[in-house]
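Below, chain A is the first sequence line, B the second, and so on; all start at residue 1.
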2 protein chains.
Amino acid sequence: MTRRAYNRLSQDRRRTDLLEATLTCVADLGLDRAGARQIAERAGVSAGLIRHYFPSKDEMVRAAYAYLMGQMTAAAEDSGAGDALSPEAALAEVIAANFAPPSLSGVKVSLWATFVGRVRVDPAYADIHREGYREFLDLLEARIHPVLVAQGCPADPARCKHLAIALNGLIDGLWIEGSLGHGLYDARRLPAIALAAAEGILRLPDTTLTRHLALEDERS
Amino acid sequence: MTRRAYNRLSQDRRRTDLLEATLTCVADLGLDRAGARQIAERAGVSAGLIRHYFPSKDEMVRAAYAYLMGQMTAAAEDSGAGDALSPEAALAEVIAANFAPPSLSGVKVSLWATFVGRVRVDPAYADIHREGYREFLDLLEARIHPVLVAQGCPADPARCKHLAIALNGLIDGLWIEGSLGHGLYDARRLPAIALAAAEGILRLPDTTLTRHLALEDERS
DNA sequence: TTCGCTGTTGTACGAATGTAAAACAAATCT
DNA sequence: AGATTTGTTTTACATTCGTACAACAGCGAA
């Protein structure tokens with residue numbers, strides 16, 4: 001029997017190919033059915049190669065989780081940091097970005113949930129999760145503070161942190177249910193719902209954040 | 001070799017034993033390592049018995065998810081429905097119940113997340129999830145409406161629904177992060193954070209909900 | 001060109017998986 | 001008490017899993 005033709009790829013390229021194939025398989029099949037052979041096939045590679053890049057399949061899955069979280073937090077940190085926006089617009093953009101593609105994605109939520117299911121059991125997953133959560137919390141806090149001072153609201157660190165925790169909860173919960181697409185309501189209303197709720201949580205005047213909705217629609 | 005001693009149980013008892021063993025195994029080991037043999041052992045039963053109660057192991061896992069969601073929604077519907085509380089106190093209780101045991105639980109979040117990870121791929125999981133989500137949404141809406149009218153706020157159905165969606169997101173997100181116990185802040189502050197944020201989302205005066213916090217502490 | 005290196009494939013193996021079906025025992029019925 | 005039913009265990013089997021390892025092939029260096 002003749003061997004399969006193949007071409008050598010750079011280490012980094014092959015590695016991320018494997019990681020992305022892992023994510024695709026986990027999202028499509030679930031953690032239990034995402035076997036080494038299927039991941040390798042999806043990456044266009046034979047199964048034995050996995051052990052050449054990762055000490056074990058479990059470690060590869062862990063690395064895939066870290067890879068996913070890295071992508072997501074990087075995307076979050078990019079949003080609302082572009083030009084010199086007003087503090088209110090920047091905060092609104094960070095919030096609203098979670099309710100439009102690519103953040104709003106059934107695949108991403110499936111992966112996120114699958115991995116979160118292991119946080120309690122596997123310390124490595126717990127570390128990755130904690131790190132991602134902390135980064136997003138810090139980002140929110142940094143975006144909240146200037147808005148509060150600009151609006152003349154109390155902005156002591158303790159209050160900012162509590163508000164960031166609440167805002168993060170709101171975003172997470174809405175993002176999950178919205179991305180799952182259960183069809184109980186129109187997901188296109190999520191940005192408006194989220195921004196209005198954020199206004200309330202921060203005790204800002206009406207339309208302080210929601211008035212930046214139309215701008216984003218025009219820009220896209 | 002002598003056979004194992006055993007005693008017959010009622011069908012319902014054996015069934016729920018198997019379902020609870022399934023949940024324990026999934027929470028402790030993850031979906032992939034929760035094998036039929038381990039679940040059976042945890043239920044004090046031999047592996048072959050599973051097929052006597054469920055057409056397949058996958059169907060048993062699905063049934064375990066439905067069982068878990070049934071427990072959780074039943075617990076949610078009980079909270080704040082006891083005696084003749086004020087609308088504000090009833091709403092506060094429904095919200096705060098999510099941030100104290102038994103709702104606030106690492107095991108429950110792990111299970112919830114693990115199963116949500118299959119929603120996108122398996123329609124049976126999607127149905128169970130949608131049903132539980134809808135029920136909690138309806139419960140929140142029913143608790144929100146009387147508060148709004150009592151406070152003289154606008155309470156049309158569309159607004160109530162949007163507020164329920166936002167409030168559910170807030171609760172879900174805070175519940176997840178709080179139950180995972182990442183140690184980034186003291187989880188005992190969650191009820192206060194959640195109630196204050198809910199006040200803001202509903203645009204209620206300060207302490208409308210939070211003043212019911214002390215009462216709950218005293219009662220327990 | 002030839003050599004050496006290493007990324008890659010193919011195969012093999014033990015363990016674990018879900019499931020089927022036979023053997024058995026405990027309760028129920030007559 | 002004996003017969004019957006059925007909940008339960010046991011054994012068996014085909015499959016799949018993760019992994020180890022030897023063989024091979026592409027590529028740069030000499």
Side-chain angles (χ1 to χ4, degrees), chain A residues 1-26 28-65 114 118 121-122 124-125, chain B residues 1-26 28-65 114 118 121-122 124-125:
Chain A
M1 177 172 174
T2 134
R3 283 210 158 204
R4 205 165 102 192
Y6 69 92
N7 39 356
R8 301 169 103 106
L9 261 57
S10 82
Q11 289 207 12
D12 281 2
R13 175 60 195 274
R14 192 66 91 188
R15 214 182 109 95
T16 62
D17 276 3
L18 280 171
L19 293 180
E20 271 164 9
T22 305
L23 293 179
T24 308
C25 282
V26 171
D28 285 358
L29 312 169
L31 252 186
D32 46 343
R33 287 171 175 74
R37 285 169 179 82
Q38 333 210 7
I39 294 172
E41 184 186 10
R42 183 109 37 163
V45 136
S46 90
L49 191 59
I50 288 178
R51 293 288 316 243
H52 196 264
Y53 283 90
F54 300 95
S56 76
K57 181 223 164 193
D58 278 4
E59 291 269 357
M60 180 171 72
V61 177
R62 274 188 270 261
Y65 180 38
T114 301
R118 312 217 69 163
V121 147
D122 188 326
Y125 287 91
Chain B
M1 179 175 174
T2 132
R3 285 212 158 201
R4 205 165 103 194
Y6 69 92
N7 40 356
R8 301 168 104 109
L9 262 55
S10 81
Q11 290 207 12
D12 280 3
R13 175 61 197 275
R14 193 66 92 187
R15 214 184 109 94
T16 62
D17 276 3
L18 280 171
L19 293 180
E20 270 162 12
T22 304
L23 293 179
T24 309
C25 283
V26 171
D28 285 358
L29 312 169
L31 251 187
D32 46 343
R33 288 171 175 73
R37 284 169 179 81
Q38 333 211 8
I39 293 172
E41 183 187 11
R42 182 106 41 162
V45 135
S46 88
L49 191 60
I50 288 177
R51 293 287 317 245
H52 196 266
Y53 284 89
F54 301 96
S56 77
K57 180 222 164 195
D58 278 4
E59 291 269 358
M60 181 171 72
V61 177
R62 274 187 270 262
Y65 180 38
T114 302
R118 311 218 69 162
V121 148
D122 188 326
Y125 287 90

K.L.:
Which nucleotide in the list C:dT6, D:dT19, C:dC24 gets nearest to the side chain of B:R3?
P.N.:
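My answer, after comparing the listed nucleotides, is C:dC24.
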K.L.:
May I ask you to verify if any side-chain N or O of A:Y6 is less than 4.0 angstrom from the OP1 or OP2 atom of D:dC24?
P.N.:
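False: A:Y6 side-chain N/O out of range (4.0 Å or more) of D:dC24 OP1/OP2.
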K.L.:
Do B:V61 and B:T22 pass the side-chain contact (heavy atoms from CB on, under 4.5 Å) test, and can you show the C-alpha distance, the side-chain angles, and the key distance before you say yes or no?
P.N.:
CA-CA 7 Å; B:V61 177; B:T22 304; 4.1 Å; yes
K.L.:
From CD1 of B:I39 over to P of C:dA16, roughly how many Å is that when rounded to an integer?
P.N.:
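Distance, rounded to whole Å: 16 Å.
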K.L.:
Nearest-Å distance, CG (B:L9) to P (D:dT6)?
P.N.:
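My rounded result for the distance is 18 Å.
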K.L.:
Using OP1 and OP2 only, check whether a side-chain N or O of A:Q38 sits under 4.0 Å from D:dC17.
P.N.:
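Checking A:Q38 against D:dC17: at least one side-chain N or O falls below 4.0 Å of OP1 or OP2.
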K.L.:
Could you state the atom-to-atom distance from CG of B:L29 to C1' of C:dT17 in whole Å?
P.N.:
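These atoms are roughly 14 Å apart.
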K.L.:
Round to the nearest Å and state the distance from A:D32 atom CG to D:dG18 atom C1'.
P.N.:
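Those two atoms, CG and C1', are 15 Å apart.
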K.L.:
5'-most contact on DNA chain C: B:R33 or A:R4, nearest heavy atom basis?
P.N.:
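Per heavy-atom nearest nucleotide, the more 5' residue is A:R4.
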K.L.:
For B:G35, report the nucleic acid contact type (base, sugar-phosphate, nothing); a contact means any heavy atom under 4.0 Å.
P.N.:
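The answer is sugar-phosphate, as B:G35 gets under 4.0 Å only of primed atoms, P, OP1 or OP2.
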K.L.:
Report yes if a side-chain nitrogen or oxygen of A:R51 is closer than 4.0 Å to either non-bridging phosphate oxygen (OP1 or OP2) of D:dA20; otherwise report no.
P.N.:
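For D:dA20, OP1/OP2 do have a side-chain N/O of A:R51 under 4.0 Å.
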K.L.:
Between the side chain of B:R62 and the main-chain N/O of B:K57, is any donor-acceptor distance below 3.5 Å?
P.N.:
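Judged by distance alone, no pair lies under 3.5 Å.
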K.L.:
Of all the choices, D:dT9, C:dA25, C:dG18, which nucleotide is nearest to the side chain of B:A36 once you look at every atom?
P.N.:
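The answer is C:dG18.
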K.L.:
Can you work out whether B:R8 or B:R37 has the more 5'-proximal nearest nucleotide on DNA chain C?
P.N.:
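So the residue in question is B:R37.
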K.L.:
Any side-chain heavy atom of B:Y53 within less than 4.5 Å of one from B:D17?
P.N.:
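B:Y53 does not reach B:D17 side chain to side chain.
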K.L.:
A:D58 near the nucleic acid: base, sugar-phosphate alone, or nothing, with a heavy-atom cut-off under 4.0 Å?
P.N.:
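Nothing: the residue A:D58, judged by heavy atoms under 4.0 Å, touches no strand.
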K.L.:
Under 4.0 Å between any heavy atoms, over every strand shown, what does B:Y53 touch: base, sugar-phosphate, or nothing? Just pick one.
P.N.:
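Answer is sugar-phosphate: B:Y53 comes under 4.0 Å of backbone atoms only.
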K.L.:
Does atom CD of A:E59 have more than 12 heavy-atom neighbours from other groups under 6.0 Å away?
P.N.:
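Counting neighbours around CD of A:E59, more than 12 heavy atoms of other residues, nucleotides or ligands fall under 6.0 Å, so yes.
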K.L.:
Sort out for me which residue in B:Q38, B:R42, B:R33 forms a side chain to side chain donor-acceptor pair (under 3.5 Å) with B:D28.
P.N.:
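The residue from B:Q38, B:R42, B:R33 that satisfies side chain to side chain donor-acceptor pair (under 3.5 Å) with B:D28 turns out to be B:R42.
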K.L.:
Which one, C:dT8, C:dC13, C:dT9, comes nearest to the side chain of A:R14?
P.N.:
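Closest of the options to the side chain of A:R14: C:dT8.
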K.L.:
Can you check the A:R15 CZ to C:dT8 P distance for me, whole Å?
P.N.:
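To the nearest whole Å, that distance equals 14 Å.
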K.L.:
Take the protein atom CG of B:L49 and the nucleotide atom C1' of C:dT19, then report the distance between them rounded to whole Å.
P.N.:
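Going from CG in B:L49 over to C1' in C:dT19 covers 14 Å.
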K.L.:
Whole angstrom is fine here: how far is it from NZ in A:K57 over to P in D:dT16?
P.N.:
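Going from A:K57 (NZ) to D:dT16 (P), I get 15 Å.
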K.L.:
Expressed as a whole number of angstroms, how long is the span from B:H52:NE2 to D:dT5:C1'?
P.N.:
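Roughly 11 Å, once rounded to whole Å.
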